[in-house]
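Down below is the structure, laid out as structure tokens.
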Amino acid sequence: MQQYAAKKQVGAHSLFLGQVRNDTIDGREVQAIEYTAYREMVYKQFGVLQEKLFDEFDITGLQVMHSLGTVECGGISLFVLTTSQHRKPAIAACAAAVDRIKENLPIWGKELFEGGGYNWKENRD
Amino acid sequence: MMNVYLFGKLADVAGQKELEIETQKYSDDVLNVLKKEWPALASYSFLLSVNQEVVSENKTLSSDDEIALLPPFSGG
């Protein structure tokens, strides 16, 4: 953020953090999510996603990070930061980025339950 | 022969990260062969990718194409 703020035309940053929530599924509590990915395809499709975002929204910066491996409840799985001259494009682009990342990037989460067992996560909204 | 990479739930259920099948000329044929060799596959939801692009229609394949079966994404 400091890097982007140093560009004097920047007026807004919009940040999203996805956190692992302790959902209860069929009476079992989620303790952590283990993330795996088809990495080469993530990089390729992220490139496409990024280009479209810069085309559609008036933003000057986009930073995305996604955790791999096990993330305990309370831990951060996704980080999205957008930067713009103005707040509306920054906020709109950030929201769009989150939606598109969840819809289009080949990343999978395995919900690990307290006491053992797991469930392959299915993204809802 | 060609390799088909598996991910997520599919890799889990198959117990392996790739399957080897006879080389096929078209992506539809890959699906047909896979469903024949692994009938349970028909009960799973997935997308087919060729060279890291999702493919929704029959596509002609080259011998060095990278093919994968992608269960529903659950990142973020």
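Protein chains get the first letters and strands the later ones, always in sequence-line order, with residue 1 at the start of each. Computed from a predicted model, the values in this text were never measured in an experiment. Below, all heavy atoms of this structure are taken into account, side chains as well, without hydrogens, waters or symmetry copies.
Residue contact with chain B, scored on non-hydrogen atoms closer than 4.5 Å, is absent for I101(A). Heavy atoms closer than 4.5 Å to chain B are found in the side chain of W120(A), but not in its backbone. Within the 4.5 angstrom heavy-atom criterion, atoms from both the backbone and the side chain of Y38(A) approach chain B. For I107(A), the parts sitting under 4.5 Å from any heavy atom of chain B are the backbone and the side chain alike. At a 4.5 Å heavy-atom cutoff, K110(A) makes no contact with chain B through either its backbone or its side chain. There is no contact between A11(B) and chain A, counting heavy-atom distances below 4.5 Å.
Cluster membership for F54(A) and V98(A), using ILVMFWY side-chain heavy atoms within less than 4.5 angstrom, is shared. Following chains of ILVMFWY side-chain contacts shorter than 4.5 Å, one can reach I25(A) starting from Y35(A), so the two form part of one hydrophobic cluster. Linking ILVMFWY residues whenever their side-chain heavy atoms come closer than 4.5 Å, directly or via other members, places V42(A) and V64(A) in the same cluster. Put simply, L34(B) and M2(B) are part of the same group of oily side chains (I, L, V, M, F, W, Y) that touch within less than 4.5 Å, one to the next. Linking ILVMFWY side-chain heavy atoms closer than 4.5 Å, directly or via other members, places M41(A) and V55(B) in two distinct hydrophobic clusters.
Each of Q19(A), E122(A), Q45(A) has some count of heavy-atom pairs under 4.5 Å with chain B, and the biggest count is that of Q45(A).
For F16(A), there are no ring-ring contact (aromatic ring centres under 6.0 Å, His included) partners at least two apart in sequence or on another chain.
F73(B) and W108(A) have perpendicular rings, their planes meeting at more than 60° on a 0 to 90° scale where under 30° would count as parallel.
Listed for the H66(A) side chain is no donor-acceptor partner under 3.5 Å among the backbone atoms of G75(B).
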Derivation of the side-chain contact (heavy atoms from CB on, under 4.5 Å) call for E53(B) and K44(A): CA-CA 9 Å; E53(B) 302 270 351; K44(A) 185 173 184 174; 3.2 Å; yes
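Surrounding CG of D55(A) are more than 12 heavy atoms belonging to other residues, nucleotides or ligands, all under 6.0 Å away.
Two residues are said to be in side-chain contact when any heavy atoms from C-beta on lie closer than 4.5 Å; T36(A) and K17(B) fail this criterion.
To the nearest 0.5 Å, atoms CG (L105(A)) and OG (S74(B)) are separated by 12.0 Å.
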